[in-house]
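What follows is one structure encoded as structure tokens, with my remarks underneath.
Below, chain A is the first sequence line, B the second, and so on; all start at residue 1.
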Amino acid sequence: MALAAQPQMPRVWRAETKPHKFCPGCGHGIILKALGEAIDALGIQERTIFGCDIGCSLLSWDFFNLDTIQTHHGRTTPVLVGIKRVRPELVVVSYMGDGGAYAIGAQHLVSSAVRNDLVTIIVVNNTQYGMTGGQMAPTTLPGQKTETTPYGRDVKLTGRPILGPELVAAVAPPGAYVARGSIANVVQLKNFIQKGLLNQIEGRGIAFIEALSACPTNWRTNAAETWRFIEKEMAAYFPTGELRTPGEAKNGQAGEGTPGAPEH
Amino acid sequence: MALAAQPQMPRVWRAETKPHKFCPGCGHGIILKALGEAIDALGIQERTIFGCDIGCSLLSWDFFNLDTIQTHHGRTTPVLVGIKRVRPELVVVSYMGDGGAYAIGAQHLVSSAVRNDLVTIIVVNNTQYGMTGGQMAPTTLPGQKTETTPYGRDVKLTGRPILGPELVAAVAPPGAYVARGSIANVVQLKNFIQKGLLNQIEGRGIAFIEALSACPTNWRTNAAETWRFIEKEMAAYFPTGELRTPGEAKNGQAGEGTPGAPEH
Amino acid sequence: MAAKPIEGEQRAFMTGNEVVAWAALAAGADIMYGYPITPQNEIMHYWTRMAPRYDRGFLQTEDEISAGFTTVGGVLAGKRAFTATAGPGNVLMQEAMSMAEMMRLPTVVVVTQRGGPSTATVIYSQQELNLTCFGGNGEGLRIVYSTSSHQDLFNYTIKAFNTAWKYRFPTFVLGDGYQSKMREPVTIYDPATRGIVMEECRPMVGLPGIAGIDREPAHLRNTYNLEDELYDRLTASIKDYQAMIPEVVEWEACAVDDDEILVIAHGVVSRAARAAVDSLREAGIKAGYFRPITLRPFPEEALQPLAARAQRILVVESAHGQLERQVRASLYGLETPVSGYLRPGMGITPEEIIGAVQQTLRS
Amino acid sequence: MAAKPIEGEQRAFMTGNEVVAWAALAAGADIMYGYPITPQNEIMHYWTRMAPRYDRGFLQTEDEISAGFTTVGGVLAGKRAFTATAGPGNVLMQEAMSMAEMMRLPTVVVVTQRGGPSTATVIYSQQELNLTCFGGNGEGLRIVYSTSSHQDLFNYTIKAFNTAWKYRFPTFVLGDGYQSKMREPVTIYDPATRGIVMEECRPMVGLPGIAGIDREPAHLRNTYNLEDELYDRLTASIKDYQAMIPEVVEWEACAVDDDEILVIAHGVVSRAARAAVDSLREAGIKAGYFRPITLRPFPEEALQPLAARAQRILVVESAHGQLERQVRASLYGLETPVSGYLRPGMGITPEEIIGAVQQTLRS
Amino acid sequence: MSVAFKAITTENGKGIFHLFPALCKGCGLCIEKCPVDTIGWAKQLGAFGTPVVEPGHGKPCIACKKCQLVCPDAAIWIERRDGKGRSDSGRQPE
Amino acid sequence: MSVAFKAITTENGKGIFHLFPALCKGCGLCIEKCPVDTIGWAKQLGAFGTPVVEPGHGKPCIACKKCQLVCPDAAIWIERRDGKGRSDSGRQPE
Amino acid sequence: MPLNIKIALAGEGGQGVQSVAEILTEAAYRAGHQALYIPNFGVEQRGGVSVAFVQVSEQPVSAPKFTTGDIVVALSYRAVERVKQYTGAATTLVYDASLEEEVREVYGDQPRKLAVPALEIAQKEMHPRVFNVIILGVLVGLTGFLKQQEVKEALERQFGHKFARDPSLRDLNYRALERGYQLGSRRGAK
Amino acid sequence: MPLNIKIALAGEGGQGVQSVAEILTEAAYRAGHQALYIPNFGVEQRGGVSVAFVQVSEQPVSAPKFTTGDIVVALSYRAVERVKQYTGAATTLVYDASLEEEVREVYGDQPRKLAVPALEIAQKEMHPRVFNVIILGVLVGLTGFLKQQEVKEALERQFGHKFARDPSLRDLNYRALERGYQLGSRRGAK
Ligand SMILES: Cc1ncc(C[n+]2csc(CCOP(=O)(O)OP(=O)(O)O)c2C)c(N)n1
Ligand SMILES: Cc1ncc(C[n+]2csc(CCOP(=O)(O)OP(=O)(O)O)c2C)c(N)n1
Ligand code: SF4
Ligand code: SF4
Ligand code: SF4
Ligand code: SF4
Ligand code: SF4
Ligand code: SF4
Ligand SMILES: [Mg+2]
Ligand SMILES: [Mg+2]
């Protein structure tokens with residue numbers, strides 16, 4: 001070979017900041033590879049803005065050759081919605097953890113879904129709060145031990161794992177794209193993300209993709225246990241697949257034509 | 001008649017503070033009558049705590065012969081959850097507007113639903129922000145004129161009316177009670193509220209009741225227009241009925257037995 | 001392009017909230033993000049009626065947290081974006097504003113103070129001074145203009161955008177519920193006719209060219225790994241802030257050459273203070289008047305000699321000593337006795353101030 | 001009833017977060033509500049491990065807003081409830097605490113300061129002084145204990161519950177990330193063995209008897225219709241607050257009889273200040289030391305004579321003048337020159353303070 | 001009950017129509033819901049200085065109690081002239 | 001690309017296994033996913049001072065690229081020995 | 001003495017005191033005076049006593065509210081009590097004649113009082129709706145700083161669209177204004 | 001001079017510097033000394049250089065961190081650079097012998113240095129895992145304020161549950177400690 005072998009990073013990855021800041025075996029890296037490949041495939045590097053949350057997603061603040069804004073915990077979507085409203089030609093990607101999306105930022109998620117904001121949201125479901133050292137998240141599995149459920153999550157007291165895409169699908173209007181993928185199926189995940197970006201580009205509506213991820217550091221798992229946890233334990237609670245694809249009619253929602261205003 | 005005729009207020013109403021502070025024709029009064037009758041029917045006056053939000057619901061801070069706490073905008077449920085966790089023998093009622101529930105407090109609603117908190121939540125859907133003078137709410141109908149949608153709600157920019165009970169039903173676990181009633185059917189509404197209180201008393205889980213209500217002041221409607229708006233316009237978007245009754249299996253949610261914890 | 005919202009100058013009689021909406025239009029604000037709260041609502045009401053005619057945007061958010069962060073987004077995108085809030089909304093707004101403070105984002109927030117703490121009243125107060133100047137978990141690297149009249153509201157709303165974009169600190173126009181709801185005469189104008197040039201707004205993200213190829217990517221963060229990194233960042237900001245002070249600081253004073261008692265007030269209360277001082281002078285009492293217009297940075301250099309010269313200082317405010325604490329801290333080293341006429345959440349009339357001055361002089 | 005968490009006294013070597021968890025247990029706290037944030041996380045970690053053994057509750061909420069309001073709920077229900085937070089979480093916590101301030105609810109919040117503003121660092125600072133003392137849209141009717149050691153953390157966490165329930169103002173234990181994460185010796189004890197009687201907690205809602213028949217209902221609100229109603233309410237609270245000050249205010253001083261320079265510091269920095277003053281004295285430099293323990297109310301009466309006697313004052317803090325502003329405001333009227341050694345977000349060592357003192361004396 | 005409200009009592013059709021002017025805010029919701037259109041505006045002013053309502057404007061009352069049910073202010077109490085009205089749930093006169 | 005990574009290149013079975021030690025954090029995810037169990041720990045240390053991986057521990061590589069796909073750090077590049085590997089999407093060596 | 005008038009008006013929600021205040025100050029502003037009007041507002045949309053504070057002056061108005069009014073207007077039972085705090089010894093208390101009893105109870109020997117039978121006039125001679133325009137007329141007459149024509153123009157600006165639909169309304173309003181003016185100026189002249 | 005020792009240790013995440021610090025201070029505390037240990041921490045769970053600050057004294061320790069250490073320990077390439085700020089003229093710099101080159105580059109003629117071939121010893125003679133226990137031994141030897149027995153007890157508290165499962169581990173750890181102690185005390189004696 002004439003040329004020295006080089007890593008097959010997506011073009012939009014910034015090689016200068018690699019190895020990235022995530023832990024060994026962290027699922028974030030795989031998801032950001034899928035995202036990078038989707039951006040490459042669509043050729044939208046020049047107009048994509050990447051936003052990351054507080055949570056381990058913040059470690060991607062210098063990950064891409066993309067203009068990037070690292071925001072507060074749970075506030076990534078509002079910041080990107082703020083950008084999108086004044087710069088509709090841009091493609092905005094809101095990247096965050098399950099805590100940011102489903103706990104502290106749930107009002108933003110619900111509202112963006114209801115407004116059908118033109119934003120692509122990727123939520124990394126690692127069943128707990130990674131960055132703060134492994135506390136319970138809304139996604140924590142029943143019986144799962146975390147730092148704040150040291151004796152296992154008690155569903156009676158703390159509830160069952162939240163189904164994020166199902167939540168979004170329940171309130172988003174037609175035009176929304178909603179899916180759940182997994183790092184256990186990278187090709188599908190990339191496909192979902194790419195469709196989610198396209199949904200925004202074509203102005204159809206919100207795109208929401210949850211990605212089942214791995215946090216070996218806080219799970220305290222070796223590689224084999226990591227895969228087993230994602231593919232067995234998590235998969236049992238979080239089914240992967242597409243929940244909403246644009247155009248699909250939404251039941252219980254009246255048509256556009258219904259007049260709404262009381263006469264003043 | 002030996003005794004002078006007296007108003008047929010629910011026993012739990014506090015006559016000393018009547019007429020209440022709501023506007024003429026306001027739906028809040030009807031809903032609080034339904035709630036009062038449900039409390040009377042269950043005989044739980046002695047152990048019920050009433051919490052109201054900021055929003056017109058705050059005008060009920062001295063409405064009942066119940067210990068009452070008026071909280072911040074959107075924060076009624078957390079306050080009552082805080083009470084319930086340490087005083088489980090009490091019955092707590094979280095009473096608020098659609099703005100408080102679905103906009104600023106949506107993260108609390110989602111989280112209480114996911115946790116299956118033992119609280120009975122009543123949301124007054126009057127399609128806008130009543131207390132602040134009639135701005136758009138997440139429930140505002142397409143085309144409806146409000147102070148912040150002076151040319152009619154544009155669904156492209158601001159979305160479609162949120163379906164609150166549908167949202168709660170999508171994330172609440174088995175044991176939850178979810179319904180939507182209307183002041184156009186007071187008997188049914190009272191029945192829903194009573195079932196919602198019972199769900200809490202019997203420890204099954206969260207109870208969530210949305211009540212379609214009237215705001216003639218901000219709608220600027222006379223009585224005939226008021227009824228038409230509720231019974232025609234709103235009913236077209238917000239179907240009444242029970243969405244979840246306890247015991248009903250939840251699809252997409254794995255059973256209790258599934259082990260969840262990675263082995264450490 | 002749509003026509004100019006205001007051609008030349010116009011006299012008008014309107015509410016303060018309407019004035020703010022006109023000012024933002026005149027300043028070329030691109031978008032308002034907001035969440036309803038009394039007494040700021042009508043800013044949104046007027047804005048939503050007028051903005052579409054001039055191709056300006058509006059987004060009603062789900063809460064003030066989102067209003068703050070979408071405003072941050074609009075600013076990052078290079079647009080003149082603003083929001084308005086009050087009371088508990090101002091409390092929530094601090095989260096986004098602390099991010100703006102860290103990242104030097106030129107956000108503009110109009111605050112119409114209401115009674116506090118908590119929901120308290122929807123009416124009026126000057127109790128959001130501490131919050132607006134020093135809210136958030138930072139050092140108060142902000143600019144806060146306190147307005148006293150509709151003319152101020154118009155002038156300083158326009159100015160706020162320029163100060164924000166020039167110096168890149170979060171900038172606040174601090175009004176109150178009285179100003180929001182009252183009607184009084186005002187002259188509204190196209191800034192250009194007064195020679196006011198609007199600062200250019202430059203995007204911080206979404207820059208031209210492909211990042212990593214044509215240019216470096218904009219990698220903006222508010223989180224540092226080491227204490228030293230943060231310290232360096234803050235030290236640079238503090239330096240910029242201090243360098244800015246002489247250019248930005250504003251105040252107003254009168255009858256301060258021979259005053260025995262200096263009355264200090266800000267915002268709408270300063271009008272009553274000014275009237276009281278005029279009356280007192282007529283009655284032969286040597287009263288002086290000082291009004292900080294910028295509460296942050298505080299005009300301490302201007303105030304010091306005046307305060308030193310006076311024999312007594314009376315701070316008058318619709319709060320329990322929030323301005324007074326600032327005055328005391330700023331004047332440390334002087335010995336002129338300071339007292340306060342403090343009426344949290346209550347309007348203050350000239351008569352009350354006259355009474356308070358007389359009592360102070362007697363004591 | 002479960003056994004006592006601590007029998008008698010015990011020496012231990014642990015982290016500050018662990019100390020807080022033990023202290024809350026020892027104080028008989030009934031429940032902790034909380035949301036994770038560094039550096040306070042391990043308070044929750046220890047609490048969730050230990051609390052079930054003693055029938056104490058825990059609820060992880062969806063954010064700090066909810067942590068604050070559920071704490072309010074727990075307190076209303078008559079329970080010794082608390083929460084802990086830091087940085088941006090402390091910003092959000094202000095909404096509930098402003099309600100507690102208005103309604104006189106004895107909430108207890110442990111704050112472990114981190115770098116600010118915004119996310120800044122997860123490590124350490126003293127930049128949450130303004131926020132904790134004066135956050136929210138109110139007048140700062142709060143009690144804030146600034147701790148400097150694990151022993152303080154233990155003592156004042158217990159004391160905070162008593163102060164809160166006795167005086168009914170929101171009460172804060174202001175620690176920092178260093179204290180949270182470091183290990184040092186501490187003596188933990190059952191408060192009873194030191195003669196500490198825990199204040200009784202009484203419910204404000206859920207009272208016995210049928211409201212309207214056996215008794216009046218508790219109708220608790222934070223909203224008033226008229227300015228006058230609010231003013232009366234606040235005036236009463238302010239009066240109570242002022243009456244409480246002499247009973248609650250705490251400070252520490254040494255070497256202040258003949259000092260030429262008085263070093264003022266709070267929290268963990270006061271340890272370095274104390275060490276610096278000891279060294280300076282050994283070196284023959286007449287340095288004195290003053291440490292406010294309550295930052296709100298501020299020990300101004302105690303400080304004034306000491307400050308007046310000193311020839312210079314040096315305020316040392318890991319923030320940009322938050323304590324210094326408080327010192328200046330409190331000492332208004334004195335002429336002793338005040339300067340600051342201000343290191344926002346950075347730890348401060350005795351050596352640095354010695355250097356700063358020497359430089360101040362030279363200048 | 002320590003508070004007493006004065007009623008204007010009108011017998012009409014099958015019903016005894018008790019209207020409490022101190023409670024009636026004149027919203028008119030009851031008027032629209034009466035199946036026999038018997039309710040209309042009265043001369044007397046209510047809680048907000050606006051006219052209260054009275055029966056007798058349409059067909060005779062059938063004592064269906066819809067008006068009572070929808071009144072947000074509990075300003076109407078319908079008794080049946082056959083005396084069955086006393087079985088109403090709610091606060092009883094003392 | 002201004003940054004260049006050194007590769008350890010091993011031919012094994014149908015594949016050319018390029019491993020970039022500066023990127024490999026030794027997580028082992030690839031090891032578990034290799035259908036022929038050919039990947040194992042190497043002597044060389046990687047980015048975090050932990051061992052990197054290498055092929056040759058099991059059956060011969062079938063060039064399925066699963067390891068490359070799941071590596072969170074893009075530390076593996078599999079080329080097919082038949083030369084088709086150059087058609088991979090992604091950043092190409094320059 | 002230069003013009004400097006402070007008026008507080010109070011009534012029930014539907015009585016239109018805010019319109020009176022708005023028309024009065026708008027007219028004053030157009031007539032070249034300094035003017036400031038502020039409504040009181042609380043959390044209730046309906047149901048509270050509605051108060052309006054009006055100031056007209058040659059100098060820019062200082063504080064939006066004031067301690068004591070030159071004229072205080074009470075138009076309902078609850079308003080009588082509510083405005084007491086703004087009523088001093090020099091204040092002229094204007095009230096609807098139907099409130100005579102309450103006024104006596106609350107104010108006793110208030111030296112300057114003007115009972116206006118506006119409710120009666122409106123109901124018997126005109127239309128309940130113009131009740132507040134009669135009050136407006138009274139204030140114009142009492143204070144004397146506005147020409148009737150200026151007030152008519154202000155009415156036109158406020159209600160022009162209604163007058164256009166039903167021109168008889170214009171006449172009705174003018175009559176109400178005139179009637180009030182007579183009642184007010186008679187006293188104003190004293 | 002009374003005991004008053006400040007030690008900064010730095011290494012990569014997996015090298016166990018925090019355990020060394022914790023065991024050392026815990027043992028010091030049990031031995032009746034004042035002790036304070038604080039780890040540095042940032043947003044990254046893995047990947048950053050891990051630094052530990054240890055102080056042992058007769059007096060209560062003042063500030064948790066310090067400007068200059070008496071002993072500074074660097075166990076990795078990046079650590080060498082990172083701890084420079086804590087290294088003064090009087091500081092003893094302890095480092096793994098494999099880092100000789102970097103140390104020379106960064107510190108030049110630092111007067112007090114101690115290269116310890118801990119990595120080599122651990123890998124060749126013992127087990128990579130006990131690398132940090134060797135370092136612990138070095139520090140115990142170098143400082144001399146702890147008896148070996150006290151450290152062994154601290155090891156027992158920290159790893160007792162592991163020793164129970166595999167008693168050979170105890171011996172391994174003791175040997176590592178002893179080996180380190182020799183290396184350290186030889187220098188300490190100088
Ligand atoms: C307002 C606020 N509260 C809390 C935190 C602390 N915090 C930082 S990251 C995080 C959780 C992150 O969990 P998740 O969103 O699931 O992301 P992950 O780290 O698991 O990828 C929390 C609670 C914060 N930074 N700001
Ligand atoms: C943090 C905060 N933001 C905004 C407000 C202002 N506010 C008071 S009530 C209200 C809306 C009420 O609407 P909704 O909840 O629908 O109740 P309604 O009045 O319609 O019954 C708002 C935005 C507030 N009090 N606090
Ligand atoms: S803590 Fe977990 S989620 Fe965070 S970087 Fe490490 S492995 Fe990934
Ligand atoms: S404003 Fe609307 S919701 Fe509020 S009290 Fe009046 S009618 Fe009811
Ligand atoms: S009871 Fe029925 S019929 Fe009689 S007045 Fe009422 S609504 Fe009409
Ligand atoms: S519904 Fe009630 S308040 Fe309304 S008009 Fe009828 S009786 Fe009166
Ligand atoms: S390409 Fe496939 S067979 Fe070859 S090493 Fe990778 S996973 Fe194993
Ligand atoms: S998956 Fe990547 S980083 Fe992990 S061991 Fe394999 S090559 Fe190394
Ligand atoms: Mg997570
Ligand atoms: Mg509403």
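- Contact of E/Ala22 with chain B is made through the backbone alone, with heavy-atom distances under 4.5 Å.
- Among B/Asn185, B/Ile183, B/Val186, the one residue that satisfies the side-chain contact (heavy atoms from CB on, under 4.5 Å) test with E/Leu69 is B/Val186.
- Under a 3.5 Å cut-off, the side chain of E/Glu32 and the backbone N or O of B/Trp227 do not form any donor-acceptor pair.
- Ranked by heavy-atom pairs under 4.5 Å with chain E, the list B/Pro24, B/Ala41, B/Gly29 is led by B/Pro24.
- Contact tally against chain E (heavy-atom pairs below 4.5 Å) for B/Gly27, B/Cys26, B/Gly25: the top residue is B/Gly25.
- Counting heavy-atom neighbours within 6.0 Å of B/Lys195 NZ, excluding the residue itself, gives a total above 12.
- In plain terms, the two heavy atoms of B/Pro19 and E/Asp73 that are nearest each other are CB-OD2, 4.4 Å.
- Between B/Phe22 and E/Phe48 the shortest heavy-atom distance is O-CZ, 4.3 Å.
- For the pair E/Leu23/B/Met9, a side-chain contact is recorded, criterion being any heavy-atom separation below 4.5 Å from C-beta on.
- Heavy-atom minimum distance, B/Ala5 versus E/Phe20: O-CE2, 3.4 Å.
- Nearest heavy-atom pair, B/His20 versus E/Pro72, reported as atom, atom and distance to 0.1 Å: NE2-O, 2.9 Å.
- The contact between B/Lys33 and chain E is made entirely by side chain atoms (from C-beta outward), counting heavy-atom distances below 4.5 Å.
- In this structure, CH2 on E/Trp77 lies 9.0 Å from CD on B/Gln6, to the nearest 0.5 angstrom.
- Here CD1 of B/Ile30 is found 5.5 Å from CG of E/Leu29. Values are rounded to the nearest 0.5 Å.
- Across B/Ala223 and E/Cys27, no two heavy atoms sit closer than the pair CB-O, 3.5 Å.
- Using modelled atom types, no side-chain atom of E/His18 and backbone atom of B/Gln8 make a donor-acceptor pair closer than 3.5 Å.
- Judged by distance alone, with hydrogens and angles left aside, the side-chain atoms of B/Lys18 form no donor-acceptor pair with the main-chain N or O of E/Ala75 at under 3.5 Å.
- Among E/Cys30, E/Cys71, E/Cys24, E/Gly46, the residue with the largest count of heavy-atom pairs under 4.5 Å with chain B is E/Cys71.
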